[in-house]
Chemist: 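I'd like to ask some things about the structure below.
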Amino acid sequence: MFTDVATIIKLASFGGAGICIGLGAIGAAVGEGYTAGMANLSISHKPERSGDIMKNMLVGQAVAESAGIFALVIAIVLIFMDASSTNLLTAAALFGAGICMGFGAIGSGIGSGYPGGEACLGLSRQPSVSNRLMTNMLIGSAVCQTPAIFSMVVSLMLIFKNIGDLPLAPTWAALLGAGISTGVAAIGSGMGGGMTAGASCESIARNPETLGRVTTTMLVGQAVSQTPSIFGLLVSFILMFKTFPESSTLSAAMALLGAGICMGFGGIGPGIGNGMTAQGAVKWVSRNIEAAGELMRTMLVGQAVSQSTAIYAMVISLVLVFVV
Amino acid sequence: MAIEGADIVKAAAFIGAGLAMGFGAIGPGVGEGFAAGKACEAIGKKPEEAGLLTRTMLVGQAVSESTGIYSLVIALLLLFVV
Amino acid sequence: MDELTEIPQMTLEFFGINLVFNTQTILMTWVVMAALIGFGFLATKKIGFLPNPFQVVGELLVTVFQGLTLDALGEDLAKKYFPLICGLFMFLLLSNWLGIIPELSEPTKDLNTPLGLGIMGFCIAHYSGIKAKGFKAYVKGYTEPIIFLAPLNVIGEISKVISISFRLFGNIMGGAIIILVVSHLVYSLILPPALNLFFGLFVGTIQAFVFTMLTLVYISVQVN
Amino acid sequence: MEEIKQTQKKYCSQAMFFAIAMFIVFLLLGEKAIGKGFLLGTLFSVINFVVMGQLMPLYLGKKTHSKASAFALVSILLRFAILAVPLVISLKISSIHFIGVVIGLFTVQLAILFDQIIINRLHIMRKA
């Protein structure tokens with residue numbers, strides 16, 4: 001068995017860094033692969049516009065990669081920072097930070113591939129609107145990065161948190177749970193936001209006149225899709241900043257870990273579902289602009305109802321933290 | 001660490017509650033979102049039927065949410081009864 | 001960071017029962033109510049052909065929500081429920097926007113406010129359902145599709161209250177916590193005000209609308 | 001290919017110009033370490049962008065999404081290895097500030113977003 005605390009901390013930070021960069025790179029790669037596949041398709045449709053399409057793909061990829069670069073920064077910090085702490089809690093915090101950023105980058109990486117791909121396809125269909133299409137794609141994929149930014153904030157706070165003399169026994173679970181909560185909940189919101197942005201690019205290529213309404217609907221839909229990741233952030237902050245009384249029982253630790261897992265996984269489904277709703281609404285705003293108000297209202301109600309399972313997960317998490 | 005039988009049971013119940021609600025929320029969330037997306041498409045096609053379509057969407061969502069509610073019930077049972 | 005979960009409380013003893021009041025929440029609710037009454041007074045003071053700005057905003061709100069209630073409930077009931085829906089929206093909107101002003105905080109940040117409003121909406125929806133369908137048909141609605149599912153139907157109804165109130169609470173509280181944490185981390189002039197604008201104005205408006213629409217939808221589901 | 005080169009030239013020169021301007025600002029503010037880090041980060045961000053553009057034609061032979069994704073994974077790992085260099089340097093050398101490098105790594109993205117969203121929006125609005 002390892003008895004040396006420094007070794008365990010090193011192991012935890014290396015493991016966290018590996019998860020972080022591995023998952024972050026996979027997410028960005030899937031997104032870029034989607035964009036590249038769509039670009040191939042559109043170049044084969046319209047070979048004479050290949051220059052424009054490749055330019056669009058380049059710019060889209062550069063922005064879509066941001067989530068992966070966040071993961072890289074966190075991984076480098078985890079590997080090269082010399083943790084002089086002799087507290088075992090540091091190991092939990094560093095591992096939690098790696099998990100948080102790794103999972104948080106997947107959703108945004110995959111998600112921001114959709115607007116890039118749809119924009120490439122749209123360029124082959126409607127060459128005259130290339131400027132508007134690219135602007136819309138960039139706004140969409142920049143908003144997609146929000147869950148990844150949330151995860152980066154949480155993992156930086158976990159890395160640089162002043163552990164002090166907090167009791168080890170339940171706090172390790174709280175720190176690990178804080179990482180899982182924000183990181184995993186960000187997957188759904190990132191993918192949902194990406195679906196919405198992709199639909200908006202497709203819509204603008206179909207009917208460029210409706211640019212204003214489509215962009216507004218997209219932004220509102222993406223903002224509401226971010227709600228599950230905001231819930232995840234809320235649970236993380238509570239787990240990080242509440243001081244838990246020392247107790248050596250297993251159940252106290254498992255309650256805190258369970259709170260993080262519950263909110264994290266509970267956020268995936270509603271995030272994707274909200275994205276699907278916004279996707280449908282954005283697509284049809286461009287086809288039937290007269291019904292835009294009706295569509296926005298239905299989208300908001302539908303998204304609100306499909307969020308309710310995320311809210312149940314948040315309630316269970318809060319019960320696990322505060323009541324049990 | 002003093003780990004006793006009752007403690008292990010409690011710990012398992014807590015983490016089980018978290019897992020139940022966490023994974024139980026995935027399916028209904030996606031499903032309800034899918035239903036709402038289809039309702040939006042239908043309203044785009046026929047805006048004059050918006051009231052009926054919204055009601056149908058809500059009924060469908062309520063039905064597909066029932067599995068989420070089952071998970072909630074199970075989680076609460078695990079938390080407070082076990 | 002301790003100010004996060006701390007709510008100023010006042011405890012009074014009343015015939016042996018301890019009554020706890022969240023003083024800040026109550027105070028902020030009064031601020032919102034005073035502002036709304038002031039708004040109503042200004043909007044209706046001089047009703048003229050050339051409206052003043054307050055009258056314009058008031059008319060806009062009234063027209064929009066009249067249309068929405070009319071769509072959802074039909075001619076007769078809309079007249080009855082429209083003031084409730086419009087008032088609910090205005091109260092929530094102002095409550096969610098209140099946090100932008102320094103030294104003031106949103107009353108919706110305390111779980112008691114959204115929970116109270118959610119229970120109010122629940123009671124109104126079920127009262128109107130019983131009134132519209134009759135008690136027998138109302139009870140029969142719970143035994144569908146088979147009688148064994150009745151407890152789950154009841155839980156489903158109660159979980160609506162939980163979801164509607166926790167949604168508002170989670171969004172507003174989450175926004176407040178994020179703003180607080182970010183302003184502790186970076187002392188910049190750009191980021192916290194931008195976050196305040198996003199969470200206070202944008203998310204606050206959307207959540208007020210969603211809460212109002214869901215209350216309306218719950219009423220209309222019960223009635224039809 | 002001409003368009004890709006043009007785009008790269010445009011954004012790289014914008015990013016480098018911005019980085020030098022910010023370096024001077026940081027120098028005047030007395031934060032030399034952050035300024036140096038910013039410059040270093042921007043340099044590697046530009047290198048990453050150029051490499052990405054050079055690899056772009058190689059994507060076009062990949063017919064399926066999964067093949068393209070596998071190729072993207074290889075290319076990302078290669079480019080992240082490049083991006084890791086300034087981060088490690090700044091952690092090892094104390095006269096270069098880490099935060100500066102991190103912000104510098106996003107200069108190309110910021111230049112693209114600024115150019116496309118703000119300038120383009122103004123252009124569209126003026127036309128309308």
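Letters go in sequence order (proteins before strands), and every chain restarts at 1.
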Chemist: Atom OH of residue position C/Y127 - does it have more than 12 heavy atoms of other residues, nucleotides or ligands inside 6.0 Å?
Modeler: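 For C/Y127, atom OH is not crowded (no more than 12 foreign heavy atoms under 6.0 Å).
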
Chemist: Could you check which of A/L300, A/V235, A/T309, A/L318 has the highest count of heavy-atom pairs closer than 4.5 Å to chain C?
Modeler: A/L300

Chemist: Does a sphere of radius 6.0 Å around OH in C/Y138 hold more than 12 heavy atoms from other residues, nucleotides or ligands, not counting ones at 6.0 Å or beyond?
Modeler: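 Counting other residues, nucleotides and ligands, OH of C/Y138 exceeds 12 neighbours.
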
Chemist: Taking atom types as modelled and ignoring hydrogens, do the side chains of C/S159 and A/Y312 form a donor-acceptor contact shorter than 3.5 angstrom?
Modeler: yes

Chemist: Kindly indicate whether the side chain of C/I164, heavy atoms from C-beta on, has any atom under 4.5 Å from the side chain of A/I311.
Modeler: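 They are not in side-chain contact.
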
Chemist: What pair of heavy atoms forms the shortest contact from C/I177 to A/F237, and how long is it?
Modeler: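 Heavy atoms only, the tightest pair is CG2-CD1, 3.4 Å.
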
Chemist: Look up atom CZ in A/F231 and atom CE in C/M173, then write down how far apart they are to the nearest 0.5 Å.
Modeler: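 Interatomic distance, A/F231 CZ to C/M173 CE, rounded to 0.5 Å: 12.5 Å.
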
Chemist: Taking A/S308, A/A304, A/A223, A/G293 one by one, which has the highest count of heavy-atom pairs under 4.5 Å against chain C?
Modeler: A/A304

Chemist: Tell me, side chain or backbone of C/F209 under 4.5 Å from chain A's heavy atoms, or both, or neither?
Modeler: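 For C/F209, side-chain heavy atoms alone lie under 4.5 Å from chain A.
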
Chemist: Please test C/I162 against A/V315 for side-chain contact (heavy atoms from CB on, under 4.5 Å), starting from the C-alpha separation and ending with a verdict.
Modeler: CA-CA 9 Å; C/I162 294 174; A/V315 172; 3.9 Å; yes

Chemist: Would you mind telling me which of A/I230, A/V153, A/L234 makes a side-chain contact (heavy atoms from CB on, under 4.5 Å) with C/I178?
Modeler: A/I230

Chemist: C/I206 versus chain A, heavy atoms under 4.5 Å apart: side chain, backbone, both or neither?
Modeler: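 It is the side chain, since no backbone atom gets that close.
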
Chemist: Side-chain contact test, heavy atoms from C-beta onward, threshold under 4.5 Å: evaluate it for C/L68 versus A/R297 and give yes or no.
Modeler: yes

Chemist: Check whether C/R167 reaches the backbone of A/Q307 with its side chain - one donor and one acceptor, N or O, closer than 3.5 Å.
Modeler: no

